[in-house]
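Just below is one structure, and these are the notes that go with it.
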Amino acid sequence: MFQERAIDRQFAAFICSQTSGNTSDVFRLLVSLVSNSIGNGNICINLVDIADQTASFDGKEVALPEVDALKNILNNIPIVGFPGQHRPLVLDTSGRLYLYRYWHYEQELARRILQKASAPSYCIDETILQNGLGRLFSENGVEKSELQKHAASVALHKQFCVISGGPGTGKTSTVVRILALLLEQVGGRKLRIAMATPTGKAAARLKDSVNFFRNSLNCSEEVKLAIPDDVITIQRMLGTVSGSSRYRHSARNPLPFDIVIVDEASMVALPLMIALVEALKPTARFILLGDKDQLASVEAGSVLGDICSAGEGSNTSKLAESVVKLEKNYRFQAGSGIAKISRAVNAGLDNDALELLKSNTENDIAWQYLPAREELRKFLTIKVIEGYQSYLSARSASEALERFDKFRILCALRDGPYGVSGLNIAVESILRRKGLITPDIRGYHGRPILITVNDYSMKLFNGDTGILFPDPESGGALKAFFPDPKGGVRSIPPERLPVHETAFTMTIHKSQGSEFEKVLMILPPVDSDIMTRELIYTGITRAKNAVEIWANEMAFCKAVRKKIERDSGLKDALDIKEPCLWS
């Protein structure tokens with residue numbers, strides 16, 4: 001039923017110590033399950049899902065009764081409260097059991113989002129707006145997607161707007177045009193605009209995209225220059241406080257921005273999202289961009305998915321007017337293999353997806369039955385040399401960084417022969433035998449590295465990718481080179497790097513916010529909890545030009561059929577006519 005962790009047992013023991021009288025094994029198990037569920041990305045547990053089941057807990061088998069009996073047990077425990085009561089645990093009317101902190105996060109986020117969705121926007125000059133929509137959303141006299149224009153109109157008329165869509169549907173180009181429209185509305189007045197993402201890698205990509213689209217806008221140079229060229233991480237924007245989980249900006253010290261845009265919003269967990277929303281000025285516009293079908297955040301919650309579900313599935317919620325889903329894909333041709341396979345996987349059509357992969361009728365997708373462990377290196381050799389030889393022959397660090405992003409190996413797991421650790425070793429071995437690298441414990445020319453923790457002093461963040469390369473300004477000494485926010489590269493001595501790992505291979509989770517010309521996705525031969533439809537869809541859509549999948553047929557099909565379902569009450573809290581009253 002769940003994988004017991006020591007921290008869950010200790011938390012259950014602590015909670016039980018706070019209540020008078022004896023607490024049953026059932027209650028101790030329930031508390032442990034709540035703690036465990038947050039570690040697995042959920043916000044709460046639903047009593048309906050666990051009733052009448054048996055679980056191993058603290059060295060014994062504990063049988064859980066039916067739902068009503070579970071509710072009776074919880075109702076008789078003083079530290080369990082109802083919504084609106086400040087107790088360590090909260091049981092809502094739908095039978096969801098929360099830790100108070102996460103119940104409060106959920107309710108407060110819903111309240112603030114609904115307030116923004118309901119609030120009147122600034123006075124909009126409709127003549128200026130309609131002129132701008134016609135001018136900015138056309139190319140060579142041909143109008144672009146009506147959905148993009150609709151998204152722009154919503155963003156100008158609403159304080160809160162969500163623009164959802166898969167890769168290549170024009171989310172970034174739309175939001176750049178939205179900024180131009182907003183700037184045209186205020187004339188010469190200055191707007192304070194912030195653009196942020198959950199990771200440094202995603203920030204660099206958004207910055208490049210914004211600069212590209214800004215230069216092609218059909219608007220005045222004054223407006224173009226007013227669109228900012230800086231993108232930072234959400235944590236950096238909020239201002240992390242050393243040694244604390246708090247941020248410098250909050251409801252008491254709001255962010256100074258008039259417009260806040262967050263890209264890759266599917267990666268934002270509930271605690272970070274509520275911290276951001278609480279820090280917004282009451283009059284600030286808040287625009288979320290993301291793909292609701294991608295993997296949710298590694299931490300607790302599926303915020304973007306819940307917001308989109310509430311907005312798309314209800315005509316009664318004020319949120320329905322604030323959510324726009326873009327559907328037309330401008331990156332992949334309508335009949336491309338990547339477009340077809342991503343749609344099939346996203347729809348859970350496992351047999352269709354497998355048949356498409358194995359048909360050999362599409363030039364941009366391919367299938368390979370997963371090689372046995374002892375044959376993996378042999379099968380990898382050609383792919384690795386083709387994929388990585390170019391960047392290893394680069395003459396400069398900037399050229400190496402650019403070429404490295406043309407190919408990447410993605411996998412589901414961190415450990416084992418089909419995971420990051422085993423595959424990185426295999427790739428290094430192949431490249432060493434070919435004479436393309438000379439591995440050394442101190443690092444080597446061409447070693448790709450992935451930062452795995454945030455280091456604000458070094459301005460390096462979880463997900464940033466760099467390459468060790470000789471620095472001509474330091475006599476050829478190896479330095480770690482990373483893309484510079486201004487468009488160049490910057491070098492850092494290897495000994496000053498935060499925690500990092502070799503990056504020939506990366507997990508699909510870590511690849512979010514990235515894009516590569518070609519992707520080789522290697523999936524493990526057996527089923528696991530992380531093998532889901534969203535994982536495979538996310539891996540496929542990292543590829544711009546071609547994707548090849550190595551997998552066991554049964555494991556692949558089972559994963560495509562399995563959709564992530566995170567326990568949360570956010571959708572229900574958002575799916576109401578008026579903002580929730582709890583605070």
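Predicted model, so just to flag it, every value in this text is computed and none were measured.
- Looking at heavy atoms from C-beta onward, V303 lies in side-chain contact with L109 at the 4.5 angstrom threshold.
- Heavy-atom minimum distance, G290 versus K171: O-CD, 3.6 Å.
- Under a 3.5 Å cut-off, the side chain of D258 and the backbone N or O of R192 do form a donor-acceptor pair.
- The ring-ring contact (aromatic ring centres under 6.0 Å, His included) check on F482 picks up nothing, with sequence neighbours excluded.
- Between the side chain of S511 and the backbone N or O of S514 there is no donor-acceptor pair closer than 3.5 Å.
- Between atom CD1 of residue I451 and atom CG of residue L460 there is a gap of 5.0 Å, rounded to the nearest 0.5 Å.
- Under 3.5 Å, the side chains of E327 and T169 contain no donor-acceptor pair of N or O atoms.
- Contacts classified as side chain to side chain donor-acceptor pair (under 3.5 Å) and involving residues 157-166 (residues at least two apart or in different chains) are given here: K116-Q159, E126-H157, S153-H157, K158-E321.
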Just do the side chain to side chain contact (heavy atoms under 4.5 Å, CB included) check on E184 and L179 with the steps written out, would you? CA-CA 9 Å; E184 288 179 348; L179 290 177; over 6 Å; no
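- Side-chain contact check for L520 versus L410: every heavy-atom pair is 4.5 Å or farther apart.
- Looking at L304 and V268, their side chains never come closer than 4.5 Å, going by heavy atoms from C-beta outward.
- Here the closest non-hydrogen pair linking L217 and R177 is CD2-CG, 3.6 Å.
- Put simply, the side chain of D364 gets close to the backbone of G337: a donor and an acceptor are under 3.5 Å apart.
- Minimum interatomic distance between S568 and E106 (heavy atoms only, all atoms of both residues): OG-OE2, 3.3 Å.
- Within a 6.0 Å sphere centred on NZ of K518, other residues, nucleotides and ligands contribute 12 heavy atoms or fewer.
- Between K281 and F257, the closest side-chain pair of non-hydrogen atoms is not below 4.5 Å.
- Interatomic distance, CD1 of I492 versus CE of M458, reported as 4.0 Å (0.5 Å rounding).
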Criterion side chain to side chain contact (heavy atoms under 4.5 Å, CB included) on M237 and L255, from CA distance to verdict: CA-CA 8 Å; M237 179 173 66; L255 291 162; 3.9 Å; yes
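- Separation of atoms CD1 (I178) and CD1 (I227) is listed at 11.0 Å; rounding is to 0.5 Å.
- Scanning both residues, C219 and K224, for their nearest heavy atoms gives SG-CG, 3.7 Å.
- With contacts defined as side-chain heavy-atom distances shorter than 4.5 Å, the pair I449/T465 does not qualify.
- A cation-pi arrangement, defined by a distance under 6.0 Å to the six-membered ring centre and an angle within 45 degrees of its axis, is absent between R101 and Y98.
- Put simply, the residue from T541, D291, D293 that forms a side chain to side chain donor-acceptor pair (under 3.5 Å) with N346 is D293.
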Before giving the answer on side chain to side chain contact (heavy atoms under 4.5 Å, CB included), spell out for L276 and V262 the whole-Å C-alpha distance, their side-chain angles and the decisive distance to 0.1 Å. CA-CA 10 Å; L276 173 58; V262 174; 3.6 Å; yes
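- Smallest separation of non-hydrogen atoms from A310 and L574: CB-CB, 3.7 Å.
- Not a single donor-acceptor pair under 3.5 Å links the side chain of S322 to the backbone N or O of C161.
- Between L206 and T172 the shortest side-chain heavy-atom distance falls below 4.5 Å.
- K563 has a carboxylate O that lies under 4.0 Å from a charged side-chain N of E534, or vice versa, which qualifies the two as a salt bridge.
- In this structure, I530 CD1 and L535 CG are separated by 6.0 Å, a value rounded to the nearest 0.5 Å.
- Under the 3.5 Å distance criterion, the side-chain polar atoms of E108 are left unmatched by any main-chain donor or acceptor of Y105.
- The backbone N or O of C44 lies less than 3.5 Å from no partner atom in the side chain of N42, so there is not a single donor-acceptor pair.
- Considering only heavy atoms from C-beta on, I564 comes within 4.5 Å of L295 through its side chain.
- A donor-acceptor distance shorter than 3.5 angstrom exists from the side chain of R285 to the backbone of A155, with no hydrogens or angles considered.
- A distance of 7.5 Å separates CZ in F516 from CZ in F404, rounded to the nearest 0.5 Å.
- Aromatic ring pairs are classed by plane angle as parallel below 30°, tilted from 30° to 60° and perpendicular above 60°; the pair F160 and F286 is tilted.
- Using a distance-only test at 3.5 Å, with no hydrogens or angles considered, no donor-acceptor pair links the side chain of R566 to the main chain of S302.
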Any chance you could lay out the salt bridge (Lys or Arg N to Asp or Glu O under 4.0 Å) test for R343 and D352, step after step, and finish with the verdict? CA-CA 10 Å; R343 284 197 299 267; D352 290 359; over 6 Å; no
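- Scanning both residues, N253 and R248, for their nearest heavy atoms gives ND2-O, 3.0 Å.
- For N363, the CG atom sits in a loose shell: 12 or fewer heavy atoms of surrounding residues, nucleotides or ligands are nearer than 6.0 Å.
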Full working for side chain to side chain contact (heavy atoms under 4.5 Å, CB included) between I540 and I365: CA-CA 9 Å; I540 289 170; I365 59 174; over 6 Å; no
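- For Y391 and D405, the side-chain atoms include no donor-acceptor pair closer than 3.5 Å.
- Put simply, the side chain of R542 never gets that close to the backbone of E515: no donor and acceptor are under 3.5 Å apart.
- Between T240 and Y247, the closest side-chain pair of non-hydrogen atoms falls below 4.5 Å.
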Test salt bridge (Lys or Arg N to Asp or Glu O under 4.0 Å) on E517 and R408; report intermediate values, then the result. CA-CA 8 Å; E517 288 191 8; R408 198 61 46 88; over 6 Å; no
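- Rounding to the nearest 0.5 angstrom, the gap separating the CG atom in L289 from the CG atom in D263 is 5.0 Å.
- Between the side chain of Q185 and the backbone N or O of D125, at least one donor-acceptor pair lies under 3.5 Å.
- Around atom CD of E299, no more than 12 heavy atoms belonging to other residues, nucleotides or ligands sit under 6.0 Å away.
- Between H104 and Y100, the ring-plane angle classifies as parallel under the 30° and 60° cut-offs.
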